[in-house]
Protein chains: 2
Amino acid sequence: MTTNEDLMTIREMCDSFEVTPRTLRFYEAKELLFPIRDGQKRLFTRQDRGRLKLILRGKRFGFSLEDIRQLLDMYDRSGVQTEQLARTVEKARERLAQMERQQAELGEAIAELRDQLSWGEQELARAASRDAAQ
Amino acid sequence: MTTNEDLMTIREMCDSFEVTPRTLRFYEAKELLFPIRDGQKRLFTRQDRGRLKLILRGKRFGFSLEDIRQLLDMYDRSGVQTEQLARTVEKARERLAQMERQQAELGEAIAELRDQLSWGEQELARAASRDAAQ
DNA sequence: AGTGAAGTTGACGTTAGCGTAAAGATAACG
DNA sequence: CGTTATCTTTACGCTAACGTCAACTTCACT
């Protein structure tokens with residue numbers, strides 16, 4: 001009933017999530033993970049794995065570790081209590097808006113760079129034909 | 001014939017380009033700008049302004065200052081000598097490819113986040129209707 | 001002379017997210 | 001018992017692009 005014997009060593013974690021030991025210890029120091037101890041050694045529970053998944057996903061979304069910590073806290077501080085969920089959703093909305101702005105800006109920059117680039121390429125072509133004429 | 005009397009003080013530069021003095025001194029230290037001196041004080045030439053424009057544009061494109069320095073060097077080291085131009089174009093192409101990858105990833109992340117978000121919003125709506133039923 | 005504005009150099013501080021080296025503990029293997 | 005492997009803590013290093021003092025100099029006024 002309670003979670004048992006699905007514990008993983010740090011190495012197993014690293015292998016299955018493609019992270020380094022340093023990263024896992026770092027996340028623990030930042031209170032994003034809470035592995036239990038067997039003497040000296042860390043043992044990661046199923047819960048830790050769940051949290052790590054969310055952490056990595058959060059990073060893909062561009063959340064900072066601090067943002068992620070807050071979101072994780074909200075989640076398991078009280079299951080899915082309404083107010084906490086509302087805050088989470090709010091954060092997600094803000095982040096989404098940010099990302100959309102970023103995407104738009106990136107799009108403009110790409111367009112502008114393409115422009116510049118075609119200029120350079122034409123210049124290059126002209127130079128090449130001059131060389132050929134010699 | 002030679003460039004004259006279109007010199008600007010650091011303050012005038014800051015005002016017209018929306019940067020701080022620290023930034024301009026930093027760029028000089030990094031050899032991106034080469035203002036002349038009137039005793040202690042810096043005076044920025046038309047050339048400096050041109051370079052600064054390019055710097056800021058480069059930043060919008062996401063180039064690092066070091067990248068930008070190299071590109072600027074190529075430009076005025078020899079006008080528009082063919083080989084240098086070729087390198088510049090190459091750099092621009094690479095950067096463009098990077099930006100396009102970034103945009104794609106960002107797009108995926110946005111889609112995924114939208115998904116998660118709609119989930120959260122539905123959850124929130126269900127909670128609200130439960131509250132209303134009480 | 002005094003004062004205030006604007007400029008200067010030098011140097012340490014900041015933020016994020018780990019990398020990396022040093023030194024010691026623990027345990028399995030042969 | 002010695003070696004090797006894996007783990008641990010501690011703590012400094014790193015990159016980028018400036019921010020933020022501190023302590024001075026210069027210049028224009030008054």
Side-chain angles (χ1 to χ4, degrees), chain A residues 7-45 48 51-72 91 95 98-99 102 105 109, chain B residues 7-45 48-49 51-72 91 95 98-99 102 105-106 109:
Chain A
L7 301 174
M8 290 174 67
T9 71
I10 202 171
R11 182 107 308 273
E12 291 168 336
M13 287 292 281
C14 292
D15 291 345
S16 34
F17 288 95
E18 308 253 81
V19 295
T20 71
R22 179 68 178 94
T23 299
L24 295 178
R25 296 191 193 110
F26 184 75
Y27 289 169
E28 183 182 357
K30 292 287 177 183
E31 304 189 78
L32 292 164
L33 295 178
F34 307 94
I36 60 180
R37 293 304 179 99
D38 170 26
Q40 278 267 66
K41 303 182 178 177
R42 274 165 251 262
L43 289 178
F44 295 84
T45 66
D48 288 315
R51 294 173 72 91
L52 184 51
K53 250 185 218 166
L54 292 177
I55 292 169
L56 297 178
R57 177 179 305 173
K59 292 204 61 180
R60 285 202 309 279
F61 292 162
F63 284 100
S64 72
L65 290 184
E66 175 55 20
D67 283 341
I68 295 173
R69 191 186 60 73
Q70 290 177 29
L71 294 175
L72 285 175
K91 272 245 174 189
R95 182 61 197 155
Q98 257 185 54
M99 289 169 71
Q102 244 190 73
E105 284 173 33
Chain B
L7 301 175
M8 290 175 66
T9 71
I10 202 170
R11 183 107 309 273
E12 291 167 336
M13 287 292 280
C14 292
D15 291 346
S16 35
F17 288 95
E18 308 253 83
V19 295
T20 70
R22 180 66 177 96
T23 298
L24 294 178
R25 296 191 193 110
F26 184 76
Y27 289 168
E28 183 182 358
K30 291 288 176 183
E31 304 189 78
L32 292 164
L33 294 179
F34 306 94
I36 61 180
R37 292 305 178 99
D38 169 28
Q40 276 269 65
K41 302 183 179 177
R42 274 166 252 262
L43 289 178
F44 295 84
T45 67
D48 288 314
R49 291 197 289 283
R51 294 174 73 91
L52 184 50
K53 249 185 217 168
L54 291 177
I55 292 169
L56 298 178
R57 176 180 305 172
K59 292 204 61 180
R60 285 203 307 280
F61 292 162
F63 285 100
S64 72
L65 290 184
E66 175 54 20
D67 283 342
I68 295 172
R69 191 186 59 74
Q70 290 177 28
L71 295 176
L72 285 175
K91 272 245 174 189
R95 182 59 197 156
Q98 257 186 54
M99 288 169 72
Q102 245 190 74
E105 285 173 34
L106 194 53

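Quick note on labels: first sequence line is chain A, next is B, and so on, each numbered from 1.
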Legend entry - Expected output: side-chain B:D15 to main-chain B:E12 donor-acceptor under 3.5 Å: no
Inset, instruction - Please check if the side chain of A:T23 supplies one atom and the backbone of A:V19 the other of a donor-acceptor pair under 3.5 Å. - result: no
Legend entry - Protein-nucleotide distance (B:E28, atom CD; D:dA17, atom C1'), rounded to Å: 16 Å
Inset, instruction - Measure from CZ on A:F63 to P on C:dG17 and round the result to the nearest Å. - result: 13 Å
Throw together a table of side-chain donor-acceptor distances under 3.5 angstrom for residues 28-40 of chain A, partners on residues two or more places apart or in other chains.
{"from": "A:E28", "atom 1": "OE1", "to": "A:R42", "atom 2": "NH1", "distance (Å)": "2.3"}
{"from": "A:R37", "atom 1": "NH1", "to": "A:Q40", "atom 2": "O", "distance (Å)": "2.9"}

Inset, instruction - Determine yes or no for a side-chain-to-main-chain donor-acceptor pair under 3.5 angstrom, with B:R60 supplying the side chain and A:A109 the backbone. - result: no
Inset, instruction - Find the distance B:L56:CG to D:dA17:P and express it as a whole number of Å. - result: 13 Å
Inset, instruction - With the side chain counted from C-beta on, respond yes when B:L56 and B:E18 share a heavy-atom pair under 4.5 Å apart, and no when they do not. - result: no
Legend entry - Minimum-distance nucleotide to A:T23 side chain [options: C:dG19, D:dA17, C:dG17]: C:dG19
Legend entry - A:C14 to A:P21 - nearest heavy-atom pair and separation: SG-N, 3.4 Å
Could you write out each protein N or O paired with an N or O of nucleotides 7-11 of chain D at a distance under 3.5 Å?
{"from": "D:dC7", "atom 1": "OP2", "to": "A:R11", "atom 2": "NE", "distance (Å)": "3.3"}
{"from": "D:dT8", "atom 1": "OP1", "to": "A:R42", "atom 2": "N", "distance (Å)": "2.8"}
{"from": "D:dT8", "atom 1": "OP1", "to": "A:R42", "atom 2": "NE", "distance (Å)": "3.0"}
{"from": "D:dT8", "atom 1": "OP2", "to": "A:R25", "atom 2": "NE", "distance (Å)": "3.3"}
{"from": "D:dT8", "atom 1": "OP2", "to": "A:R25", "atom 2": "NH2", "distance (Å)": "2.9"}
{"from": "D:dT9", "atom 1": "OP1", "to": "A:R37", "atom 2": "NH1", "distance (Å)": "3.4"}
{"from": "D:dT9", "atom 1": "OP1", "to": "A:R37", "atom 2": "NH2", "distance (Å)": "3.1"}
{"from": "D:dT9", "atom 1": "OP2", "to": "A:R42", "atom 2": "NH2", "distance (Å)": "2.0"}

Inset, instruction - Give the rounded distance in Å between these two atoms: CG of B:L32 and C1' of D:dC18. - result: 13 Å
Inset, instruction - Figure out the NZ/C1' separation between B:K30 and D:dA16, and round it to whole Å. - result: 8 Å
Legend entry - Side-chain N or O of B:Y27 closer than 4.0 Å to phosphate OP1/OP2 of D:dA17: no
Legend entry - Integer-rounded Å distance: D:dT15 P and B:E66 CD: 12 Å
Inset, instruction - Starting at atom CG of B:D38, determine the distance to atom C1' of D:dT26, rounded to an integer number of angstrom. - result: 10 Å
Inset, instruction - Find the distance B:L24:CG to C:dG7:C1' and express it as a whole number of Å. - result: 13 Å
Inset, instruction - Identify, with sequence neighbours excluded, every residue that meets side chain to side chain contact (heavy atoms under 4.5 Å, CB included) alongside B:K91. - result: B:D67, B:Q70, B:L71
Inset, instruction - Answer yes or no: does a side-chain N or O of B:K59 lie under 4.0 Å from OP1 or OP2 of D:dC18? - result: yes
